[in-house]
Each structure stands twice: as structure tokens, then as C-alpha cells.
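Okay, structure first, notes after.
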Amino acid sequence: VQLQASGGGLVQAGGSLRLSCAASGGTFRSYSVGWFRQAPGKEREFVAGVSWSGGITYYGDSVKGRFTISRDSAKNTVYLQMNSLNPEDTAVYYCAASKLATRNSYGYDFWGQGTLVTVSS
């Protein structure tokens, strides 16, 4: 499975962005997908995840109520809608695929290349 993350950019605080994770190869539909982020000097942080069916979603505490993850199986794409962004959301965002529905990055088998989100104050 190959993953391509896109949609990052510069946005003002309070604004919104939608990230996309497009998959190719393999049996993507059988994988759960997670979004992680890593800010400079910080550890990688779980952001959101969606089950292979799309029926179960789960979020990190810092983004609950602001971010929404979804998947379009027909397009082999997972989205992360990010609203009410603040400067603390600035990071490189990665999507990853796993056979497990997990918040642990070690449980993910395939990773995209990352897309940078910068939120200005």
C-alpha cells in the first residue's frame, strides 16, 4: 500500500484545512487509517483514526470536537477536516495504514510522506 498525503498549507488561527490521504496498491479497503502529526522537537502524536469500514472513528484528546476523519472507499481516500485551527496544531501531518484500529504508531505498517500544516497567530 502506498499513501500520499496532501492538503497542507498556511492558515490563520481559527481557520480550516482539509487533508487528504490517497492510497494505491494493496488492499487499502481492509486497513484502518490514522493521522499523526509531529511538530519540531516533539514526539509524534496520534490525531485521528478510522476503521476499515469507516464506521468507527477515534481522536486524540487535543483535536476532539475540532477535527473530523472520514473515508471514501470508492476513491481510496481518507480525509481529515480540521476546523478551529490554532498555532499548536502546526506540524507535519502523516497518514498511515494499519490492520489494527490503534492509536499506537508502532501498529502502523504503511506511512505517507507527510504534509506540512502551519497555523499563524
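All values reported here derive from a predicted model rather than from experimental measurement. We use all heavy atoms of the structure for the numbers below, so side chains are in, but hydrogens, waters and symmetry mates are not.
- The two residues Thr90 and Val119 have their closest heavy-atom pair at OG1-N, 2.9 Å.
- Both Tyr93 and Val11 sit in one connected hydrophobic cluster of ILVMFWY residues. Membership requires side-chain heavy atoms under 4.5 Å apart, directly or through other members.
- Taken to the nearest 0.5 Å, the OG atom of Ser53 stands 13.0 Å off from the CZ atom of Arg29.
- Linking ILVMFWY residues whenever their side-chain heavy atoms come closer than 4.5 Å, directly or via other members, places Leu116 and Tyr94 in the same cluster.
- Atoms OG and CG, on Ser51 and Leu100 in that order, are 12.5 Å from each other to the nearest 0.5 Å.
- With hydrogens and angles ignored, the 3.5 Å screen pairs no side-chain donor or acceptor of Arg103 with any backbone N or O of Gly34.
- Looking at every heavy atom in both residues, Ser32 comes nearest to Trp52 through OG-N, 3.6 Å.
- Closest of all the heavy-atom pairs between Asn104 and Tyr106 is OD1-N, 2.9 Å.
- Formation of a donor-acceptor pair under 3.5 Å by the Arg71 side chain with backbone atoms of Gly54 is not found in this model.
- A pairwise comparison of heavy atoms in Arg66 and Ser84 identifies NH1-O, 3.0 Å as the closest pair.
- Taking all atoms of both residues into account, the shortest heavy-atom contact from Trp111 to Ser105 is CZ2-O, 3.6 Å.
- No cation-pi contact links Arg44 to Phe36, judged by a cut-off of 6.0 Å to the six-membered ring centre and 45° from its axis.
- The shortest distance between side-chain heavy atoms of Gln113 and Gln4 falls below 4.5 Å.
- Ile69 contributes atom CD1, which lies 12.0 Å from atom CD of Gln81 (distance to the nearest 0.5 angstrom).
- Counting heavy-atom neighbours within 6.0 Å of Ile56 CD1, excluding the residue itself, gives a total of 12 or less.
- Taken together through direct or relayed side-chain contacts under 4.5 Å among Ile, Leu, Val, Met, Phe, Trp and Tyr, Val33 and Val47 form part of one hydrophobic cluster.
- For the pair Val117/Met82, a side-chain contact is recorded, criterion being any heavy-atom separation below 4.5 Å from C-beta on.
- Side-chain contact between Leu80 and Arg37 is absent, with no heavy atoms from C-beta onward closer than 4.5 Å.
- Within the 3.5 Å criterion, the main-chain N or O of Ala5 finds no donor-acceptor partner in the side chain of Thr115.
- The CH2 atom of Trp35 lies 12.5 Å from the OH atom of Tyr59; values are rounded to the nearest 0.5 Å.
- In this structure, CG on Leu17 lies 9.0 Å from CZ on Phe67, to the nearest 0.5 angstrom.
- If you take OG on Ser62 and CZ on Phe46, they are separated by 10.0 Å, rounding to the nearest 0.5 Å.
- Under the rule for a side chain to side chain donor-acceptor pair (under 3.5 Å), the partners of Lys64 that lie at least two apart in sequence or sit in another chain are Asp61.
- Looking at Phe110 and Tyr31, their side chains come closer than 4.5 Å, going by heavy atoms from C-beta outward.
- Heavy atoms of other residues, nucleotides or ligands lying less than 6.0 angstrom from NZ of Lys99 number more than 12.
- When side chains are defined from C-beta on, Leu3 counts as touching Phe28, because their heavy atoms get closer than 4.5 Å.
- Between Tyr108 and Thr102 the shortest heavy-atom distance is OH-O, 2.6 Å.
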